[in-house]
Amino acid sequence: MTMTAETSRPNRRVAVVLTNLGGPDGPDAVKPFLFNLFNDPAIIGLPGIVRTPLARLISSRREKSAQANYALMGGGSPLLPETLKQAAALSDALADAAHGDETEVFIAMRYWHPLTEDTARAVAEFQPDHVVLLPLYPQFSTTTTASSLKAWREAYKGPGEVHAVCCYPDADGLIEAQVRLIRETMDKAEGRPVRVLFSAHGIPEKLVAAGDPYQAQVEATVAAVVARMGLSDWAVCYQSRVGPLKWLGPSTPEAVEQAGRDGVGAVVVPIAFVSEHIETLVELDHEYAELAASVGCAPYLRAPAVGVEPAFIAALAQAVEAALETSGTAPQGASKGGPCAHLKACSGGCSKAA
C-alpha cells in the first residue's frame, strides 16, 4: 500500500457511521416510528410475542399526542437535518486530519430513516477497509448505544474491520463545547441568581441496578463541566419519564419546582443530548418553561445542544482517529492502551456491546 508523507500510514477507505435514535419526518411517520421504538427489546424487555402487540398498542394510543408535539416543530423531527449538519462538519474535520484516507460519513438511525439496515447496505457498497461506529450518545446505555451496536452487528455483512466508540462522557471537546454554551446562556440572566440544571434523558432505576453505566457517565460529564466552570449552584436531573417503573431522579420538573421554591432561576442544559429534537424543543422549551413560569422559577433559560460546535466536532474527529488505532469496541481516548476511566461504571457493558 502507498504511504503518504503527511500521514506516514497506508491510505485507507474508512466508513464512519454516526448512530442515533432517529425521528419521524412527518405526521404519517409518527406511528411507525413509535412502533419501532417500543418494539426494541432494549426499550421493552419482554418476549416478542408480548412486546410486539404492546408496541402496536402504545404507538396507536400515543400517536395523536405525539403528532401534536411534532406539530410544534413543523410536523416532524429536526434530528435528521441536525445530524446531517454534524456529518458534514465531521467529514470536513476528518479530511483535514487524515489527508491520506478516503473517508465517508454515513448516518444510521435506530427507529426511522435512514434505518440501520439501509445504511449497512450503503456502507457495504462503499467497500471500506475500516468501519468506525460513532454513537451520538456521549454516555453509554443499554437502551441507546448497546441497541445501536447490536443492530449494526446484525445488519452489516460488508468488508472492513469494525471499530466502535462506546462512550465519550468527558471528552475534552464535548466539555469545552458545553462550557461555552452554558456561559453564553448564563450571561442572559444578567446577574440574576440561577441554578444550572443538567437535564438528561431518564432510564428506569432497575437498569442502573443491573449494571447500566448511564447514570455514572452522566455524572462524569456533569462533574467535568462543573469543575471547569467552578459552579456552586447546580443539580443533575432526568426528563422524559414514561411508564409505571421507578426512573432515575430527581425529575427535571421536580428540579425546576425546587429552584422556584429556592427563589432562583434555572439554566437548563441538555447534558445527554447533542442535537435539538423533541425533548429539547418541546419538553424543555415549552412544557418545562410553562412549569417554571407557574412556580416562579425565573429567569428560565435553556442552553443549546452542542450540535456543530467546533470543539464538539473536533472531539468526534479525535474519537474516530483513536478508534482506528483500537480493535473492537472502546471508549474515546483508549487507543494508547491505558485503562478505561469508565470501566468500573460500565460493568462490562462496552465489551458486551462489541
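No hydrogens, no waters, no symmetry mates; every other heavy atom, side chains included, goes into these values.
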Original post:
For residues Arg110 and Ser147, is any side-chain donor paired with an opposing acceptor at under 3.5 Å?
Top reply: yes
Subject >> Those residues that, when tested against Arg228, pass salt bridge (Lys or Arg N to Asp or Glu O under 4.0 Å) (two or more places apart) >> reply: Asp172
Original post:
For Val306 and Leu181, what are the C-alpha separation, side-chain angles and deciding distance, and is it a side-chain contact (heavy atoms from CB on, under 4.5 Å)?
Top reply: CA-CA 8 Å; Val306 291; Leu181 293 170; 4.2 Å; yes
Checking [X] side chain against [Y] main chain: does a donor-acceptor pair fall under 3.5 Å?
X      : Y      : result
Thr19  : Ala108 : no
Arg192 : Ala298 : no
Arg195 : Ala266 : no
Asn36  : Tyr111 : yes
Ser77  : His277 : no
Asp212 : Tyr214 : yes
Glu283 : Ser240 : yes
Thr280 : Glu276 : no

Hydrophobic cluster membership, with links at side-chain heavy-atom distances under 4.5 Å among I/L/V/M/F/W/Y: are [X] and [Y] in one?
X      : Y      : result
Val264 : Val295 : no
Val222 : Leu197 : no
Phe106 : Met109 : no
Phe312 : Phe273 : no
Leu34  : Val282 : yes

Subject >> Derivation of the side-chain contact (heavy atoms from CB on, under 4.5 Å) call for Asp25 and Leu80 >> reply: CA-CA 8 Å; Asp25 46 19; Leu80 179 56; over 6 Å; no
If you measure from [atom1] on [X] to [atom2] on [Y], what distance do you get to the nearest 0.5 Å?
X      : Y      : atom1 : atom2 : result
Gln139 : Leu174 : CD    : CG    : 7.5 Å
Cys166 : Gln217 : SG    : CD    : 7.0 Å
Tyr137 : Tyr168 : OH    : OH    : 10.0 Å
Asn20  : Thr145 : CG    : OG1   : 9.5 Å
Trp247 : His201 : CH2   : NE2   : 5.5 Å
Thr252 : Glu279 : OG1   : CD    : 11.0 Å

[X] and [Y]: which non-hydrogen atoms are nearest, and at how many Å?
X      : Y      : value
Ala124 : Pro159 : O-CD, 4.1 Å
Pro24  : Trp112 : CA-CD1, 3.9 Å
Thr221 : Pro169 : OG1-O, 2.7 Å
Val123 : Pro128 : O-CD, 3.2 Å
Tyr288 : Pro253 : CE2-CG, 3.6 Å

Pair [X] + [Y]: basic N to acidic O under 4.0 Å:
X      : Y      : result
Arg12  : Glu161 : no
Lys150 : Glu154 : yes
Glu176 : Arg180 : no

Heavy-atom side-chain proximity of [X] to [Y] below 4.5 angstrom:
X      : Y      : value
Thr185 : Arg302 : no
Phe38  : Leu54  : no
Val225 : Trp234 : no
Tyr300 : Val256 : yes
Asp233 : Asp262 : no

**OP:** Quick one: which residue pairs count as a side chain to side chain donor-acceptor pair (under 3.5 Å) with a foot in residues 81-90, not counting sequence neighbours?
**Re:**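 As it turns out, the side chain to side chain donor-acceptor pair (under 3.5 Å) pairs with a partner in residues 81-90, which skip direct neighbours, are Gln86-Ser275.
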